[in-house]
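Structure first, then comments.
In what follows, every chain begins at residue 1, and chains take the letters A, B, ... in the order their sequences are listed.
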There are 2 protein chains.
Amino acid sequence: MPGGRPRSFDADAALDRALEVFWRQGYEGTSLSDLTEAMGINRPSLYAAFGNKEELFGRVLDRYLEGPGAFAADALEAPTSREVVERLVLGAVELTTGDHTPRGCLSVKSVHACGPDSAPVRQDAVGRRKAGEAALRRRLERATDLPPGADPGVMAGLVHTITDGIAVQAAGGRGREELRQVADLALRALLGSDQR
Amino acid sequence: MPGGRPRSFDADAALDRALEVFWRQGYEGTSLSDLTEAMGINRPSLYAAFGNKEELFGRVLDRYLEGPGAFAADALEAPTSREVVERLVLGAVELTTGDHTPRGCLSVKSVHACGPDSAPVRQDAVGRRKAGEAALRRRLERATDLPPGADPGVMAGLVHTITDGIAVQAAGGRGREELRQVADLALRALLGSDQR
DNA sequence: GGGGTAATGTACCGATAGGTAAAAAATTTC
DNA sequence: GAAATTTTTTACCTATCGGTACATTACCCC
């Protein structure tokens, strides 16, 4: 029934190219020409396949969270809350200082796309961040290995504050090894230095 | 000798208006029309007084660091390293969640202006951040009240990671009171809960 | 091998970006 | 008051922004 000319590109591969550009240059710093060039398609193809720039960014953010950023959701399944926090913090270092990916975190960058035209994109990013933090809070509420009297909500807030800070530091040029030392110190301070 | 028509606006007041706009919308998200409207001057006056957008931003960043951001340099003069860290972290909360100023930190936002045209501005911001962190590291190296075996460089990196994270959280909408609780928890973890 | 259909390539749209030329206006010095 | 000087005003520049109209091409079905 459908017929029609088949598309000449792989949509997922094109999304990956778009992800690379948005991750490196941010939403506001990326033009449609940057995108079409990187994706290897022309403008009408982009619009037909992905909607406009804003919708494309939403698709890209999905892909980011399901791909490079998936460690954050996965970490919540660790058996102990200690391990959850460790995986989040150390994972943030690896994510934001990759050799083959841009420095920093796409989600953190998106929060800082604060021009008038970027409001929907920023709101979207903020919403997803809040959902992620709520999930961490619920995970910590369920934990039995927290220090007595610890507030899971505040604890979740601090963990996300630290991972956000790691992203900023990476975007600001701090290298992976240095950032690992910082992360280790943060974990020792947060969780104590004992083995379990 | 000089003569000439006197300028009809106060340059410092105009810089403050420009600061407000850049702080709220970021470098990339702010247009010259946004600036001239907020500053109450027209375009050629802006260029004559401040150079181009990039130079204006440099002047604004100076003013930010000497004004709202001055607490960070001042904190280094506290008598104990414990107090230095406290003033940095708590000061970051106040700075980024002010009722009459935009949410977040202009310096952290500038690191995330990562489009091709923003490279000089980003580099400038990164340079100033590194200088600030080097100053903190030197202050901690000189301290006598650090735990034995603590690495001042890594410690300085962690403190800046936390203040950066606070800025991201504020930009992402977390309120002042919540962020104070997060900061308090961070300080207890970093410095212990004892009184001195 | 023709229809129907959907993607492609080209060429364009109005709006806005950052930046400036040139004349008019306001001041000082003489 | 006239010359010199500096700012303001108005009008404009080119380049690029995000987005689209339209004709062409390549496929499926019959």
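Between atom OH of residue Tyr47(B) and atom CD1 of residue Ile41(B) there is a gap of 11.0 Å, rounded to the nearest 0.5 Å.
If you check dA26(D), dA26(C), dT20(D) against the side chain of Pro6(B), the one that comes closest is dA26(C).
Of the possible polar contacts, none joining the Glu20(B) side chain to the Thr101(B) backbone as a donor-acceptor pair under 3.5 Å is found. The main-chain N or O of Leu191(B) is found under 3.5 Å from a side-chain atom of Arg82(B) such that the two form a donor-acceptor pair.
As a whole-Å value, the separation of Asp10(A) CG from dT8(C) P is 12 Å. Following rounding to the nearest Å, Glu54(A) (CD) and dC17(D) (P) show an atom-to-atom distance of 18 Å. At whole-Å resolution of the value, CZ in Phe50(A) and C1' in dG19(D) are 17 Å apart. Rounded to an integer number of Å, the gap from Arg7(A) CZ to dT5(C) P is 19 Å.
Taking the six-membered ring for Trp and thresholds of 30 and 60 degrees, Tyr64(B) and Trp23(B) have ring planes more than 60 degrees apart, a perpendicular arrangement.
With hydrogens and angles ignored, no donor-acceptor pair closer than 3.5 Å exists between the side chain of Arg5(A) and the base of dT5(C).
Near-neighbour residues of DNA chain D inside residues 22-46 of chain A, defined by a heavy atom below 4.0 Å, number-ordered: Thr30(A), Ser31(A), Leu32(A), Ser33(A), Arg43(A), Pro44(A).
Both Ser8(B) and Tyr47(A) lie close to DNA chain D; mapped to their nearest nucleotides by heavy-atom distance, the more 5′-ward contact belongs to Ser8(B).
For the side chain to side chain contact (heavy atoms under 4.5 Å, CB included) test, residues two or more places apart in sequence or in another chain that qualify with Arg180(B) are Val93(B), Glu94(B), Arg176(B), Glu177(B).
With hydrogens and angles left out, the side-chain atoms of Arg128(B) and Ser110(B) include no donor and acceptor closer than 3.5 Å.
Look at Asn52(A) and you won't find any side-chain N or O under 4.0 angstrom from OP1 or OP2 of dG18(D).
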